[in-house]
Amino acid sequence: MVMMKVVFLVFACCCGVALSAVAKKDRKIDTTLSDKEFGSPDYDHEAFLGKEQAQEFDELSPEESRRRLAIIAQKIDSDGDGKVSEQELEDWIIFTQQRYIREDTDKQFALHDKDKNGEVTWDEYKQVTYGFLEDDQIEPEGGEEDGFSYRQMMARDERRWGAADADKNGNCDDHEFRAFLHPEEFEHMKDIVISETLDDIDKDKDGLVSVNEYIGDMFNPANGEEEPEWVETEKRQFREYRDKNGDGQLDLTEVKDWILPDDYNHASAEAKHLVYESDEDKSGDLSVDEILTHHEKFVGSQATDWGEALNRHDEF
């Protein structure tokens with residue numbers, strides 16, 4: 001077990017040194033739907049389809065692509081009125097973008113729910129995650145090694161568990177467990193994301209982030225490594241944009257503005273764009289025919305996020 005910890009630490013340190021010369025760490029939570037240009041066909045496809053499954057329609061004919069899209073359009077029409085509204089389209093885009101999160105949570109939930117009662121207790125989670133450790137590894141006699149502490153990790157997990165446990169019964173159902181594993185996706189978990197970020201960066205534990213701590217989180221020179229040009233740019237970003245009150249440090253509110261900015265709703269913007277481009281009768285929503293007429297805006301020759309699921313179900 002000690003060797004496992006040593007290997008983990010060596011790997012982490014090596015990766016940190018290697019990556020520092022290549023790219024900076026970005027703490028900002030990315031809420032964009034694609035790295036393509038907004039409004040381009042590639043952006044529309046990835047937003048509507050889900051990037052991970054976007055290659056599946058590559059082998060499909062236009063006829064098969066439209067056939068599957070018609071089935072998907074009916075699924076998006078959640079109220080069954082024969083129309084797809086902007087809100088229904090926005091909900092679908094959010095659904096496709098969160099596919100990985102759902103799949104990851106399902107796998108982890110099955111692993112941790114030992115008694116298969118539909119809930120994960122804190123003890124079940126702790127046993128799976130930390131059960132392999134001996135007491136002297138959790139609380140080493142010589143103190144923490146290189147700032148690494150299983151005890152601190154466990155305490156941090158327990159704080160996050162408490163925030164995710166919405167009904168405060170001590171356990172997490174599948175929805176609460178998803179919030180625990182992926183707090184950045186849930187509004188009520190944003191405070192814990194911010195506090196954990198501050199805890200990571202605030203090395204002197206004064207509750208504030210100095211410019212040196214801010215830069216140190218992104219770049220740690222090793223063996224005389226030269227400072228990349230972007231470091232000076234980030235220092236200027238810190239002074240001119242991040243440090244809003246000009247006191248030379250970032251408080252909790254300024255950290256929140258940095259990592260969770262109040263950007264516009266990307267899913268809503270994309271839904272409005274798709275409706276605007278495809279709404280031939282200007283009714284404000286889309287019929288199945290309108291979606292199929294403009295199928296290249298939604299799927300083109302790429303797979304929907306449901307692509308894998310579609311191939312598994314007889315209805316397709």
Side-chain angles (χ1 to χ4, degrees), residues 1-2 4-5 8-9 12 27-31 50 52 75 78 90-140 144 147-202 205 207 252-253 255-256 259-260 265 267 305-306 308-309 312-313:
M1 297 304 177
V2 174
M4 181 183 296
K5 180 178 176 184
F8 172 80
L9 288 171
R27 289 279 183 176
K28 182 179 177 181
I29 305 299
D30 185 12
T31 59
E52 293 301 317
K75 289 181 176 294
S78 58
E90 178 183 343
D91 291 343
W92 170 263
I93 291 169
I94 293 172
F95 178 85
T96 61
Q97 294 293 316
Q98 293 183 343
R99 176 177 177 270
Y100 162 75
I101 293 173
R102 291 192 303 275
E103 290 186 348
D104 177 60
T105 301
D106 289 346
K107 291 176 183 177
Q108 294 297 324
F109 191 84
L111 176 66
H112 288 82
D113 182 17
K114 292 300 186 181
D115 58 8
K116 306 304 177 187
N117 69 340
E119 290 188 321
V120 177
T121 67
W122 168 247
D123 285 340
E124 284 176 324
Y125 172 79
K126 191 167 59 172
Q127 180 60 35
V128 172
T129 308
Y130 300 104
F132 67 92
L133 296 169
E134 303 293 340
D135 290 343
D136 61 347
Q137 290 177 284
I138 297 176
E139 292 282 0
E144 300 168 7
F148 182 86
S149 168
Y150 283 114
R151 176 182 54 78
Q152 288 185 359
M153 287 176 60
M154 195 182 303
R156 177 176 174 140
D157 280 353
E158 192 165 14
R159 286 194 299 272
R160 186 190 288 190
W161 188 274
D165 177 20
D167 59 9
K168 304 306 176 188
N169 69 347
N171 307 327
C172 283
D173 59 23
D174 57 349
H175 183 79
E176 291 169 328
F177 198 61
R178 190 183 308 163
F180 173 73
L181 294 179
H182 300 279
E184 71 282 353
E185 298 294 333
F186 293 82
E187 187 67 31
H188 72 283
M189 296 294 289
K190 287 185 176 180
D191 285 346
I192 202 74
V193 173
I194 297 162
S195 65
E196 287 179 0
T197 302
L198 180 61
D199 186 58
D200 285 342
I201 304 174
D202 178 24
K205 303 306 175 189
L252 201 60
T253 299
V255 170
K256 178 181 179 180
I259 67 170
L260 291 169
N265 186 325
D305 195 36
W306 275 77
E308 186 175 344
R312 292 198 300 263
H313 286 78

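I194 approaches L252 most closely through the heavy-atom pair CG2-CD1, 3.7 Å. The two residues A110 and K116 have their closest heavy-atom pair at O-NZ, 2.6 Å. Heavy atoms only, all atoms of each residue included: W161 and V120 are closest at CZ2-O, 3.1 Å. When all heavy atoms of V193 and P183 are compared, the closest pair comes out as CG2-CB, 3.7 Å.
Taking the centre and axis of the six-membered ring of F109, the NZ or CZ atom of R178 falls outside the cone set by 45° and 6.0 Å.
In this structure, H188 and F186 have perpendicular ring planes: the angle between them is above 60°, well past the 30° mark.
Once rounded to the nearest 0.5 Å, the distance linking CD of E187 with CG of L260 reads 8.5 Å. Taking CD of Q108 as the reference point, atom NE2 of H182 lies at 8.0 Å (rounded to 0.5 Å). Between the CD atom in E185 and the CD1 atom in I94 there is a gap of 10.0 Å [rounded to 0.5 Å]. Taking CD of E158 as the reference point, atom CG of D165 lies at 11.0 Å (rounded to 0.5 Å). A distance of 12.0 Å separates CG in D106 from CD1 in I101, rounded to the nearest 0.5 Å. Taken from NE2 in H175 to OG1 in T105, the straight-line distance is 10.0 Å, to the nearest 0.5 Å.
D104 has its side chain out of reach of K107: every pair of non-hydrogen atoms, C-beta onward, lies at least 4.5 Å apart. R159 is listed as a side-chain neighbour of R156, based on a closest heavy-atom distance under 4.5 Å. Annotation: side chain of T129 is in contact with side chain of H112 (closest heavy-atom distance under 4.5 Å).
A donor-acceptor distance shorter than 3.5 angstrom exists from the side chain of S195 to the backbone of I192, with no hydrogens or angles considered. Without hydrogens or angle criteria, E176 side chain to D173 main chain gives a donor-acceptor distance under 3.5 Å. Remark: side-chain polar atoms of W122 are not paired, donor with acceptor, to backbone N or O of C172 under 3.5 angstrom. The backbone N or O of T121 sits nowhere less than 3.5 Å from a side-chain atom of K126 that would complete a donor-acceptor pair.
If you run side chain to side chain donor-acceptor pair (under 3.5 Å) between Y125 and each of D113, D157, N171, only D157 comes through.
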- Going through the checks in order, is the side-chain contact (heavy atoms from CB on, under 4.5 Å) test met by R160 and M189? CA-CA 8 Å; R160 186 190 288 190; M189 296 294 289; 3.8 Å; yes

- Message: Run E103 and Y100 through side-chain contact (heavy atoms from CB on, under 4.5 Å) and show every step you take.
- Response: CA-CA 5 Å; E103 290 186 348; Y100 162 75; 5.7 Å; no

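The pair D123-K114 does not meet the salt-bridge criterion, since no charged nitrogen lies less than 4.0 angstrom from a carboxylate oxygen.
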